[in-house]
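Each ligand, and each atom within it, is numbered from 1 in the order the structure gives. Source: prediction; values computed, not measured. Just so it is clear, the values below take in all heavy atoms, side chains as well, and ignore hydrogens, waters and symmetry mates.
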Amino acid sequence: MKILAIQGAPRMKKGYTDKCLQTFLAGAKEAGAEVETAYLSKMNIKYCTGCFNCWMVTPGRCIYRDKDDMHGLLEKWRGVDVMIWATPVYIDGVSAQLKTMMDRMLPGGLPYIDTSEEGHSQHPSRRKAKEKKKLLLLSTCGFGEIDNFDPMVMHIKAAVHNMADYDYAGALLRPMAGSLDEIINKDTEKIQKVLDAFTKAGKEMVTDGKISEESFKAVSVPLMTMKELAESTNALIDASTGSQRPEAKK
Ligand SMILES: Cc1cc2nc3c(=O)[nH]c(=O)nc-3n(C[C@H](O)[C@H](O)[C@H](O)COP(=O)(O)O)c2cc1C
């Protein structure tokens, strides 16, 4: 099995998103997968200009084809069985790096509109894959409540629905990502359990072709209460900035 992870976190290897992603990939590798991570922040990927040249003028070919790294990245998608989109939550959505890449997928689709039985229109794919591939979302966020991922999950599900060659394979979601940090959370045993769940999920993806409900839940378990998260985070911020906090909301 070939797994390509598209890593859209600007902090790249220094961040929680990559920590979770690489732990997942280590499990997948151990189970025999070939894995690769493409760091979007290292690449030059220009914004889609919305010119539609890739549909109407030079079909399948973007105006930036030889001018940036997007075409090279798309070439890596060939022969991949599972693609992972990894991103932190930025203002309730995906990072700008990932969204910029998503917009540039337009040349891969045909401009025609197919209507489906479920009553949801779709653009057909330009290159029909022999088998549908899987697309998995992996994300971290700062707040503790799991519903902070809701807008992103809804967005990605809708985007994958429009990608004729891919099926949505679920989302590995790590809220209160800061609680994976031993400075904020002294309970290293609990942190390790979450990381082990990411490794297990990686193995399952390879051996079972899907991630179990148990693993989806285990990567998201709260590592502390919302109050504890707020208190430990606020104390850390006070210590590093000198207190600059307006009166707290009750
Ligand atoms: C610009 C920006 C916007 C953010 N927006 C949110 C948000 O809407 N909700 C949230 O829970 N966390 C938000 N965060 C926190 C990040 O999602 C969180 O720290 C994440 O784990 C960072 O991933 P990284 O360590 O891989 O960089 C935001 C962080 C930044 C820098």
**OP:** Would you sort out whether Asp196 and Lys200 count as a salt bridge (charged side-chain N to carboxylate O under 4.0 Å, His left out), showing the intermediate values?
**Re:** CA-CA 6 Å; Asp196 289 347; Lys200 185 164 173 252; over 6 Å; no

**OP:** List the steps, then state whether side-chain contact (heavy atoms from CB on, under 4.5 Å) holds for Met152 with Ser139.
**Re:** CA-CA 9 Å; Met152 178 197 284; Ser139 184; 3.4 Å; yes

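In this structure, the protein non-hydrogen atom closest to atom 21 (O) of ligand 1 is Thr140 OG1, 2.8 Å. In terms of protein heavy-atom proximity, atom 15 (C) of ligand 1 is closest to Gly142 N, 3.7 Å. The closest protein non-hydrogen atom to atom 26 (O) of ligand 1 is Thr17 OG1, 2.7 Å. Summary of contacts: the protein heavy atom closest to atom 22 (C) of ligand 1 is Pro88 CB, 3.6 Å. Of the protein's non-hydrogen atoms, Val89 O, 3.6 Å is the one closest to atom 16 (C) of ligand 1.
Considering each of Tyr16, Phe143, Tyr90, the one bringing a non-hydrogen atom nearest atom 11 (O) of ligand 1 is Phe143. Heavy-atom proximity to atom 3 (C) of ligand 1, evaluated over Ile91, Asp92, Asp181, is greatest for Ile91.
Within the listing of ligand 1, atoms 24 (P), 25 (O), 26 (O) sit less than 4.0 angstrom from a heavy atom of Gly15. Close contacts of ligand 1 with Ala9, meaning ligand atoms under 4.0 Å from a residue heavy atom, involve 26 (O). Near Ala177, meaning under 4.0 Å from one of its heavy atoms, ligand 1 places the atoms 21 (O). Close contacts of ligand 1 with Arg11, meaning ligand atoms under 4.0 Å from a residue heavy atom, involve 24 (P), 25 (O), 27 (O).
Within 6.0 Å of atom NZ in Lys13, 12 or fewer heavy atoms from other residues, nucleotides or ligands are found, so the atom counts as exposed in its surroundings.
Using modelled atom types, one finds no donor on one side chain facing an acceptor on the other under 3.5 Å when comparing Thr188 with Glu182. Side-chain contact of Thr140 with Thr17: a donor-acceptor pair under 3.5 Å is present, judged by distance alone. There is a side-chain donor-acceptor pair under 3.5 Å between Asp165 and Ser125.
A distance-only check finds a donor-acceptor pair linking the side chain of Trp55 to the backbone of Gly109 [under 3.5 Å].
Between Tyr166 and Trp77, the two ring planes are perpendicular [angle over 60°; tilted spans 30° to 60°].
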